[in-house]
Undergrad: 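Could you have a look at this structure, given as structure tokens, before my questions?
All values reported here derive from a predicted model rather than from experimental measurement. Letters go in sequence order (proteins before strands), and every chain restarts at 1.
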Amino acid sequence: MAAAPAAVDTAEAEHPSPRPRPLDALLSIPRGVAQVDFQPGSPTGLIFIIALFAGGWQFGVFGLLGTIVATVTAYLLGVRPGRVSTGLEGFCGTLIGVALVLYLGTSWTTAALVAGSAVAGSVLASAMRTVLTPYDLPALTAPFCVVVSVMVIGAPSFERVWAGHPANAPPSATDPGTAMTWTAFWHGLFNGIGQVFFQDTWYVGLIFLVGLAVASRRVAAAAGLASLIGLLVAWSFGAQTADIGAGLYGYNAVLTGIALTGTFVALSAAGVVYAVIGAATAAALTAGITTVFDVVGGHTLTWPFVLVTWVFLAAVPTLSRLRRAG
Amino acid sequence: MAAAPAAVDTAEAEHPSPRPRPLDALLSIPRGVAQVDFQPGSPTGLIFIIALFAGGWQFGVFGLLGTIVATVTAYLLGVRPGRVSTGLEGFCGTLIGVALVLYLGTSWTTAALVAGSAVAGSVLASAMRTVLTPYDLPALTAPFCVVVSVMVIGAPSFERVWAGHPANAPPSATDPGTAMTWTAFWHGLFNGIGQVFFQDTWYVGLIFLVGLAVASRRVAAAAGLASLIGLLVAWSFGAQTADIGAGLYGYNAVLTGIALTGTFVALSAAGVVYAVIGAATAAALTAGITTVFDVVGGHTLTWPFVLVTWVFLAAVPTLSRLRRAG
Amino acid sequence: MAAAPAAVDTAEAEHPSPRPRPLDALLSIPRGVAQVDFQPGSPTGLIFIIALFAGGWQFGVFGLLGTIVATVTAYLLGVRPGRVSTGLEGFCGTLIGVALVLYLGTSWTTAALVAGSAVAGSVLASAMRTVLTPYDLPALTAPFCVVVSVMVIGAPSFERVWAGHPANAPPSATDPGTAMTWTAFWHGLFNGIGQVFFQDTWYVGLIFLVGLAVASRRVAAAAGLASLIGLLVAWSFGAQTADIGAGLYGYNAVLTGIALTGTFVALSAAGVVYAVIGAATAAALTAGITTVFDVVGGHTLTWPFVLVTWVFLAAVPTLSRLRRAG
């Protein structure tokens, strides 16, 4: 018989909080960046950081700022050290930093908002663990999604926050049309991987793919295939070509594909079919809710990935053909 | 002491998956249609299928398509056979098929979307069982509500999906006014039962009522009385007569009334009062959120029923005058 | 090992329901009003009732109506007597009464809606206890938030409900500007306490503060400080001065501050820092979602308090520097 919620959490709180070694503390930052794609290794994280700077200095700087604030907050609040050093407390901060600098522009106000949001995201991540642990579900990037959704819904009301903000129309606003082109196709494949970090330049997506391949060739293959599935689902629905080319329908499929292929679901023939259905569902859900997110340039954050992966993981215990990993 | 989440689910997954007998497999389809109204019998399901064809061939065909795809998906994924053969894995598929053909029109694209949505709905139903089982709550029609909400929110963005779709204005759009008429009254009573399946013709509602009476006279009486309660609540709020006559305020009360009268709450004097309050609350909630659903002709799907029934069932353990059924 | 959900609830339902003594039954009403601010004492409740009448006779009358209906409903449904007599079943009714009379005006229709909403809120409170108990989370004012949100979203559709309703524009609609004034500052401090009960007159807020000080000087200090934090966060975001002066950014911080300072989180140095972060987060969330609530005069009900406090309480078990109170 499994332990009930309270028991699980108390057990976690019993761990002592020793002072971390300097190098381990430092490496928790690139590990945090790598954890956005579920990878635990600092080399992958360093390549991801290079990719962010290749996309623009502000993505690198604000992404690092968010990662650092989130990680330090978790440490100060006394989260279990194993979670902090493996980067599991940092990755939502990375995405918060990248997203807010994209939507609110580079400024000291944005830096303050990134820091405050990373603190809130860190507490939210702990809260979600309490609620999700009994169901054996990970929080994924949900804390990031919640915090950034609130910020971008609220920001336009506030003079000091939104003043002079950049415009955020989806690519299709200036380049409408649904005829697929070869350029949109191959750009979309790479951008589907880059858009996990809000990047829409094909070679930035390629650097992220290299980082994934350094961690595991299987993961890189799953990411590429999932990006293709997302692209095809969007095309079959008649989505705008410019949005497909920018990778907007791919990144949720990519994260869902990686999550369901060996990360949280054990690898098997049925498991791969399940992951393909999951990636396609994530792309369909992206298509379904994308109009709700027009205010942020048609980027649905990673809500579709979070919701679809939660559902597909929660279903596993009742499906006798599948097993959870680990 | 009750078992915690993980234990319950593991136990379910242990069941073997024997090959079902052909007749039993076939009867799981009408049983799935009957389960929309919580009835387990195939005769009721066959009468419901007749009612759907009486409403329009497309409702019968797409409803059956959804039921079959959802049931087969659950079987292939290894859901416990008892659930599959009693139709518990089919009814969300029925409603998905009927709703999507109503909103998107008859086409091969709709057929593909019904199949895809039924697969997603099936996985979602399994996921919800994992989350709701510790609270002893059924998933009800929530998977259908979630999947169809996403589809109808998203569909207008997509050229291949929404092209030439039928208009979906609520009846009151062309026939405004709040003065009650005798025709609206008795049509509304029957349509309150038919609208569970999106049908707004009085004799289709009557066929559904016959199907319920075949299963149980008590259930048929509860359905009729709940339809009346829903109608009266809407009228007292000053709702549009044309919408009341179309049964739009009745069907959530009907489902809630059946659910709380012997289905999930044990029959008793206090239980009947509780069911009356529940049916009235479902009608009030329908009234409350109906403007949010104008895009789909003012049909709130079965969200009010799902939310109210969850709340009223979750409250039972803390209320000493009431007991859960079964 | 902790008990699983079902076990907890069954235990609660085992309590007998003796007939309450008359005085105890009567005092459960002011206690219910006091519980809006987490205080259990009837003197505090009586002072709060005086404050409501000072704000306007209708707030006193409809607030008492809601408290009485909610408390009696809980008693009749067989909720554990300890909860009823301490006022824990009344406070959502108080807020329902005050909010509906503010938004829908004084009329017999409003009185009927308050009674119906208080019944629904009472059932919802029991349902939430079932769901939240395994996580050791209180329902807070969530039942009130849900019921009133549904009513005010739905009301404009209904002729008999909304006819001749008062206008509900936020104060900044007639008095725009973001330059802080001394009057707005000190009015905002008191109104931040009064707005918990939808009151925007500074001396009404002062009476509430006196009621809090009668219960506990620590609680009164926490409320005052939290009101200041909420005001400063809103000002730093560039919120409208008139809205700040009306206390619209303070009351969620006030409730969050009281909840996290000794009420649900044990007092400690780390706990106070945590409460400050929580109050600031509640103010930031208020700012974030306030535009969504323009239809109700920019009053976000107590949603930000409920959501932030749930998150900050759910996180405690994984944070070794903090302990839950009681």
Undergrad: If I take atom OG1 from residue A:T130 and atom CG from residue C:L319, how far apart are they, to the nearest 0.5 angstrom?
TA: 8.0 Å

Undergrad: With a 4.5 angstrom heavy-atom cut-off, which part of A:V150 approaches chain C: side chain, backbone, both or neither?
TA: both

Undergrad: Below 4.5 Å from any heavy atom of chain A, which atoms of C:I277 appear? Answer side chain, backbone, both or neither.
TA: side chain

Undergrad: Is there a side-chain contact between A:R129 and C:T318 in this structure, where contact means two heavy atoms from C-beta onward sitting under 4.5 Å apart?
TA: yes

Undergrad: Applying a heavy-atom distance below 4.5 Å, give me the residues of residues 33-40 of chain A that approach chain C, sorted by number.
TA: none

Undergrad: Between A:S126 and C:A315, is there a donor-acceptor pair closer than 3.5 Å when you use the side chain of the first and the backbone of the second?
TA: no

Undergrad: Any side-chain heavy atom of A:L113 within less than 4.5 Å of one from C:F237?
TA: yes

Undergrad: Looking only at non-hydrogen atoms, find the nearest pair between A:A127 and C:V311 and report the distance.
TA: CB-O, 3.0 Å

Undergrad: Nearest heavy-atom pair of A:V131 and C:Y135: which atoms, and what distance?
TA: O-OH, 3.4 Å

